[in-house]
Undergrad: 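Once you've had a glance at the structure underneath, I'll fire off some questions.
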Amino acid sequence: MPTTPQIPTNAPFNEAQRLWLNGYIAGIISQSATERSSQESEKKKTKKRIPIVFASQSGNSQSLAEQFGNELENTGFEAPVYGAEEFEDFDLTNEEFLLLISSTWGDGDPPDNAVDFWNHITSEDHPRLEKLQYSVLGLGDKNYLHFCAMGEKFDSRLKELGAKRLTPRGECDVDYEETAENWFNGVLKKLDTPIKKETSKVNTDAYSKKNPFSAKVLLNKNLNEQESQKQTHHIEFDLSGSNLSYEAGDVLGIYPTNDPELIDELITNLNFDPDELVDDKKLKEILLYDFDIRNLTKDFVLAWLDKSSSESLGQTIKNTSLEEYITGREIIDLIVDYPVIFSEPKQFLSLLRKLSPRLYSISSSPNANIDKVHITVAKVSYESHGRSRNGVCSAYLADRCRKNDTTNVFLQSSKHFKLPQDSSIPIIMVGPGTGIAPFRAFLQEREFLKSSGKSWLFFGNPHEGTDFLYKQELMDFQNKGILSKLSTAWSRDQENKIYVQDVMAQEGKEIWSWLNEGAYFYVCGDAKYMAKDVDSCLHEIIEEHGKVNSESYIKEMKKEKRYQRDVY
Ligand SMILES: Cc1cc2nc3c(=O)[nH]c(=O)nc-3n(C[C@H](O)[C@H](O)[C@H](O)COP(=O)(O)O)c2cc1C
């Protein structure tokens, strides 16, 4: 604490004068301190408060909320940023403004951190919000049928509760940055705040999503045995010279290129010249790097219907539905089945979406792999409507990304998926298939940290003989005591299918005892079935073995960040 200056005892004053002067100085100082603090609190009071709430699973909405929060604070607002799970920490009935940024998951569902908030805000007795002015930004992906559904639902519900829209809702597709920026500028305008011009030049030295690093492939090997139905690739990239850093639990963004065979087929069917220049770039190069030439969206089908004027396409969509038509089909199906003549490639290109990067959970610890990053990728390939199909990025990585090639990459932090700070805390990890990726990173990290905490991995795949990913490494972790327990589920090695949740149920008593010791519970992998089944199994275990209400127990776990999911 600062001390008040005193007149020294050797100063040319008698004792009475010295005491009087000391009192006088102390009085002046305390008065100006009081004035200063009341000015500060006055200033704080006059600052407009604009809370930003994010509903986010993989961190995109959270990053935007934090970025916009900073920008608002720098422009003189008070802009606290809340995760939707913290809804008990703010009171919408008392707020004048709200910015809500929400992604959509599952089949039009809220992200994990917003499930309780959504239930709360849609409860019948939720108070009216007549005082509130708000704007919603939805994040999503047009490949999903319920595009930005949660953005729309939050927007409608707030309106229904009497709140007033400050600006129209924004809806972002995968390439979300520009739309999000425009939405935010609209909000600033409405708040009578000058829109910040981009003054600082982009630091071209810093690698990021906008400026990816060209990383050399050090290793690319299939982890499944030859006879397996699956192909899961372990890929190592060299990050040396990039200055990029990451933590166990983070994700790696990959910019794929398109399949050259598909490009040829497309160009042939559209009667284009592959070497034709479009804005000084060869068409075949543009189709290789710049656009998504595979995934069909509703917008594309409707535009194609318009361009082709095909009665038969119109009838097909009418007979089934747009959703049904899209399922299992790709852009090439429309091109072949309902030909359109374009006078120039630009007309066709204008219908396409940008080729966006894909995110993969990192399977390495940076401390155990200096200047390297590993990912674990299952090649997506299947047959539908008489054609064999491949995933854009997984096929690029599995088939065309060879040792010593380079790939454009960037790192993205996963704030919601991290090891406990205290390394003595036990962890339970459920990661079948490629869901094992972040847990390999966790185990490497715990080995590096010489952590004393117990760890338990649930892993599964179709066959033990051909699909036991990282088998030797897991055995070594067990032998060294880093992995305390490994439980496996080989779904097709016996007549009845067995999945990780079935093995969890058998181990229910012990899982409960670990949870009781404060264990963190992690799930990574398939969102559609596995994560849901694991979640209901966890509820059952808590009810049966803990004899407590599983809803409130899990709610508390989520609040304490002891239940974390990285599902896709
Ligand atoms: C398993 C899964 C399900 C998804 N479901 C939808 C959906 O139904 N509708 C949609 O518009 N986007 C959907 N998305 C896309 C996400 O909303 C999109 O990637 C968003 O940018 C994620 O933002 P976040 O990181 O803030 O969660 C889904 C993504 C995944 C991986």
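Whatever order the structure lists them in is the order used to number ligands and atoms, beginning at 1.
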Undergrad: What part of S61, side chain, backbone, both or neither, has a heavy atom within less than 4.0 angstrom of ligand 1?
TA: both
Undergrad: Is there a side-chain contact between K354 and D173, using heavy atoms and a 4.5 Å cut-off?
TA: no
Undergrad: Starting from atom 17 (O) of ligand 1, which protein heavy atom do you reach first, and at what distance in Å?
TA: T104 O, 2.7 Å
Undergrad: Looking at residues at least two apart in the chain, or sitting in another chain, which of them share a ring pair (Phe, Tyr, Trp, His ring centres under 6.0 Å) with F348?
TA: F342
Undergrad: With atoms numbered from 1 as shown, which atoms in ligand 1 lie under 4.0 angstrom from a non-hydrogen atom of C148?
TA: 10 (C), 11 (O)
Undergrad: Quick test: of every protein heavy atom, which one is nearest to atom 21 (O) of ligand 1, and how far off is it to 0.1 Å?
TA: N60 ND2, 3.0 Å
Undergrad: Please report the C-alpha distance between F97 and S135 in whole Å, then the side-chain angles of each, then the deciding distance to 0.1 Å, and finally whether the side-chain contact (heavy atoms from CB on, under 4.5 Å) criterion is met.
TA: CA-CA 9 Å; F97 294 102; S135 188; over 6 Å; no
Undergrad: Parallel under 30°, tilted from 30 to 60°, perpendicular over 60°: which one fits the rings of W183 and F68?
TA: tilted
Undergrad: Can you find a pair of side-chain heavy atoms, one from W118 and one from M150, that are under 4.5 Å apart?
TA: yes
Undergrad: Please check whether A149 reaches ligand 1 - meaning an N/O of the residue sits under 3.5 Å from an N/O of the ligand, judged on distance alone.
TA: no
Undergrad: Among all protein heavy atoms in this structure, tell me which lies nearest to atom 31 (C) of ligand 1, with the distance rounded to 0.1 Å.
TA: W105 CZ3, 3.1 Å
Undergrad: Tell me, which protein residue and heavy-atom name are nearest atom 29 (C) of ligand 1, and how many Å apart are they?
TA: Y144 OH, 3.4 Å
Undergrad: Which protein heavy atom lies closest to atom 5 (N) of ligand 1, and at what distance to 0.1 Å?
TA: G106 O, 3.1 Å
Undergrad: State the atoms of ligand 1, each with its element, that fall below the 4.0 Å cut-off from a heavy-atom position in Q57.
TA: 24 (P), 26 (O), 27 (O)
Undergrad: Could you tell me, atom by atom, which parts of ligand 1 come under 4.0 Å of a heavy atom of S56?
TA: 24 (P), 25 (O), 26 (O), 27 (O)
Undergrad: Any idea which atoms of ligand 1 are less than 4.0 Å away from a heavy-atom of G108?
TA: 8 (O)
Undergrad: Centroid-to-centroid, F417 to F442, below 6.0 Å?
TA: yes
Undergrad: Write out the residue and atom name of the closest protein heavy atom to atom 9 (N) of ligand 1, then the distance separating them to 0.1 Å.
TA: H146 O, 2.8 Å
Undergrad: Geometry only, no angles: is Y176 polar-contacting ligand 1 at N/O separations under 3.5 Å?
TA: no
Undergrad: For K209, I'd like to know if atom NZ has over 12 heavy atoms of other residues, nucleotides or ligands within 6.0 Å.
TA: yes
Undergrad: Using a 4.0 Å cutoff against the non-hydrogen atoms of Y568, which atoms of ligand 1 qualify?
TA: 1 (C), 31 (C)
Undergrad: If you round to the nearest 0.5 Å, how far is OH of Y134 from OG1 of T167?
TA: 9.5 Å
Undergrad: For ligand 1, which atoms sit closer than 4.0 Å to a heavy atom of A527?
TA: 1 (C)
Undergrad: Considering the heavy atoms of G140, write down every atom of ligand 1 situated less than 4.0 Å from one of them.
TA: 10 (C), 11 (O), 12 (N), 17 (O)
Undergrad: Would you say OH of Y289 has more than 12 non-hydrogen atoms from neighbouring residues, nucleotides or ligands within 6.0 angstrom?
TA: no
Undergrad: Is the number of heavy atoms from other residues, nucleotides or ligands within 6.0 Å of NZ (K190) greater than 12?
TA: no
Undergrad: Tell me the protein heavy atom at minimum distance from atom 23 (O) of ligand 1, and give that distance in Å.
TA: S103 CB, 3.2 Å
Undergrad: Look at atom 25 (O) of ligand 1 and say which protein heavy atom is nearest, naming residue and atom and giving the distance to 0.1 Å.
TA: S58 OG, 2.5 Å
Undergrad: Ignoring angles and geometry beyond distance, decide whether D107 reaches within less than 3.5 Å of ligand 1 through its nitrogen or oxygen atoms.
TA: no
Undergrad: Y396 pairs by side chain to side chain donor-acceptor pair (under 3.5 Å) with which of T407, D259, N258?
TA: T407
Undergrad: Going from CZ on F458 to CE on M504, what distance comes out if it is rounded to the nearest 0.5 angstrom?
TA: 6.0 Å
Undergrad: Just jot down the ligand 1 atoms closer than 4.0 angstrom to any heavy atom of D141, in number order.
TA: 10 (C), 11 (O), 12 (N), 15 (C)
Undergrad: Going by the angle between their ring planes, with limits at 30° and 60°, are F410 and Y255 parallel, tilted or perpendicular?
TA: tilted
Undergrad: Which is it for F147 and ligand 1 at heavy atoms under 4.0 Å: side chain, backbone, both or neither?
TA: both
